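For clarity, every value in this text was computed on a predicted model and none was experimentally measured.
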Amino acid sequence: MRKTLEDLYYGNITPNEQQMTPGSELERAVDRVTNYEKQLMKQLGETEQEILTKLIQSQHEIDSITALENFILGFRLGVRLMAECMDENDGDIRTGGE
């Protein structure tokens with residue numbers, strides 16, 4: 001536990017930085033999006049390219065906010081599960097709890 005706390009303190013834990021597995025479904029999806037974006041950019045004029053860029057940036061913001069919220073919700077659920085596991089009077093019929 002101490003090592004995890006030290007890693008957290010020193011900034012060595014960054015759950016949002018993950019490597020994609022080569023050849024994974026995620027990597028293939030990212031490659032498809034990149035290819036479609038390039039194709040679309042070639043077909044658009046300068047003004048439309050700026051609009052598309054702003055749209056993509058806005059979607060990245062939404063994705064980032066959503067990822068943060070999901071991380072927080074998952075962490076809170078994990079803490080609630082741990083707290084419940086520590087409750088010795090949790091209705092276990094073997095111990096007479098209700």
If Ile, Leu, Val, Met, Phe, Trp and Tyr residues are connected whenever their side-chain heavy atoms lie under 4.5 Å apart, and connections chain through other members, are I56 and L44 in the same group?
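Yes, because I56 and L44 connect within a single hydrophobic cluster, where side-chain heavy atoms sit under 4.5 Å apart.
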Cluster question for you: counting only ILVMFWY and a side-chain heavy-atom cut-off of under 4.5 Å, with indirect links fine, are L55 and L40 together?
yes
Interatomic distance, [X] atom [atom1] to [Y] atom [atom2] [nearest 0.5 angstrom]:
X: Q19; Y: E27; atom1: CD; atom2: CD; value: 11.0 Å
X: T34; Y: Q39; atom1: OG1; atom2: CD; value: 11.0 Å
X: L8; Y: T14; atom1: CG; atom2: OG1; value: 10.5 Å

Would you tell me whether D63 and Q59 have side-chain atoms, one donor and one acceptor, within less than 3.5 Å of each other?
yes
If you look only at pairs with a residue in residues 1-10, which of them pass as a salt bridge (charged side-chain N to carboxylate O under 4.0 Å, His left out), with sequence neighbours excluded?
R2-E6, K3-D7
V33: partners by side-chain contact (heavy atoms from CB on, under 4.5 Å), with sequence neighbours left out:
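Testing V33 for side-chain contact (heavy atoms from CB on, under 4.5 Å), a comparison that skips the adjacent residues, returns none.
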Which side chain to side chain donor-acceptor pair (under 3.5 Å) pairs, counting each pair once, include a residue from residues 45-57, with sequence neighbours left out?
none
Which one of I72, T66, L68 satisfies the side chain to side chain contact (heavy atoms under 4.5 Å, CB included) criterion with N70?
T66
Heavy-atom pair of closest approach, residues M41 and L52:
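Taking M41 first and L52 second, the nearest heavy atoms are SD-CD2, 3.7 Å.
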